[in-house]
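The figures here come from the full heavy-atom set of this structure, side chains too, leaving out hydrogens, waters and symmetry mates.
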Amino acid sequence: MVNRRWVRVGLLALGIFAVNAISRFITWKLKIVDESQQLTIGFVAVAVVAVGLAVAAGWWAIGHRFSRLFADLGAAVGVGAILSLFVGPFAGGAKPFDEGLGFFVGQVLMFIGVAAVGVSLGYLTVVALGKDWKSRGLLRYELNYAKRHHRSVKG
């Protein structure tokens with residue numbers, strides 16, 4: 001049986017790839033050549049990926065340590081980016097390195113930036129609300145400590 005942890009990571013990676021492939025497919029099939037329209041579609045796709053990562057980071061921060069969250073989301077973004085960079089161009093009627101190496105490296109950096117912003121926003125929101133894994137553990141410790149009977153010190 002496959003671990004549920006990796007199923008969630010895989011589904012998130014496929015979601016990142018799907019958003020990228022759908023935006024490329026729409027641009028290709030509707031023959032959108034105007035740069036402003038392509039930019040609009042690109043911004044919408046980037047926003048959807050960032051919001052999806054923010055929601056995933058917030059959801060996973062509630063039940064897991066930051067190190068696990070960072071590893072899981074990093075793996076999902078890495079796999080999603082690799083799929084988007086090497087398979088995604090075929091959804092748009094192109095090949096991976098048609099635009100050149102500079103464009104390819106720019107896309108890699110864009111994925112890293114979008115992932116950093118989305119994950120940070122989701123995680124920091126959950127931390128600010130005090131609902132993350134560590135804050136809840138500290139709250140449980142505080143409540144248990146307050147329930148204990150404390151001996152007075154004789155001096």
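Residue W59 is grouped with residue F70 when hydrophobic side chains (ILVMFWY) are merged at heavy-atom distances under 4.5 angstrom, including chains of intermediate members. Cluster membership for F43 and V114, using ILVMFWY side-chain heavy atoms within less than 4.5 angstrom, is not shared. Tracing side-chain contacts under 4.5 Å through hydrophobic residues (I, L, V, M, F, W, Y), one never reaches F90 starting from F17; they form parts of separate clusters. The cluster map of Ile, Leu, Val, Met, Phe, Trp and Tyr, joined by side-chain heavy atoms under 4.5 Å apart, puts V127 and L139 in different clusters. V19 and I112 end up in the same hydrophobic cluster when Ile, Leu, Val, Met, Phe, Trp and Tyr side chains are linked at under 4.5 Å.
In this structure, CD1 in I41 is found 10.0 Å from CG in D34, a value given to the nearest 0.5 Å. The structure places CD of Q38 at 7.5 Å from CD1 of I32, a figure rounded to the nearest 0.5 Å. Atom CG of residue L124 and atom CG of residue D132 lie 10.0 Å apart, to the nearest 0.5 angstrom. Note that CD1 of I22 is 11.5 Å distant from OG1 of T27, once rounded to the nearest 0.5 Å. Distance CE/M110 to CG/L85: 7.5 Å, rounded to 0.5 Å. Distance check: Q107 CD to L109 CG gives 10.5 Å after rounding to the nearest 0.5 Å.
For S135 (side chain) and K131 (main-chain N/O), no donor-acceptor pair under 3.5 Å exists by modelled atom type.
At least one side-chain heavy atom of N20 sits less than 4.5 Å from a side-chain heavy atom of F111. Considering only heavy atoms from C-beta on, I16 comes within 4.5 Å of L53 through its side chain. Side-chain contact between F86 and F104 is present, with heavy atoms from C-beta onward closer than 4.5 Å. Counting only heavy atoms from C-beta outward, the side chains of R68 and R5 approach each other to under 4.5 Å.
Taking each heavy atom of H64 and W133 in turn, the nearest pair found is O-CB, 3.3 Å. Of all non-hydrogen atoms in P89 and S84, the two that sit nearest each other are CD-O, 3.3 Å. Considering every non-hydrogen atom in both A21 and A91, the closest pair reads O-CB, 3.7 Å. Between L69 and A57, the shortest heavy-atom contact is CD1-O, 3.2 Å.
Using bins of under 30°, 30° to 60° and over 60° for the plane-to-plane angle, the ring pair F25/W28 lands in the perpendicular bin.
In terms of the salt bridge (Lys or Arg N to Asp or Glu O under 4.0 Å) criterion, R136 has no residue partners (sequence neighbours excluded).
No more than 12 heavy atoms of other residues, nucleotides or ligands shown are found within 6.0 angstrom of CZ on R65. Within 6.0 Å of CZ on F97 lie more than 12 heavy atoms contributed by other residues, nucleotides or ligands.
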Inset, instruction - Assess whether side-chain contact (heavy atoms from CB on, under 4.5 Å) is satisfied between R8 and W60, documenting all intermediate values. - result: CA-CA 10 Å; R8 286 189 289 252; W60 288 345; 3.7 Å; yes

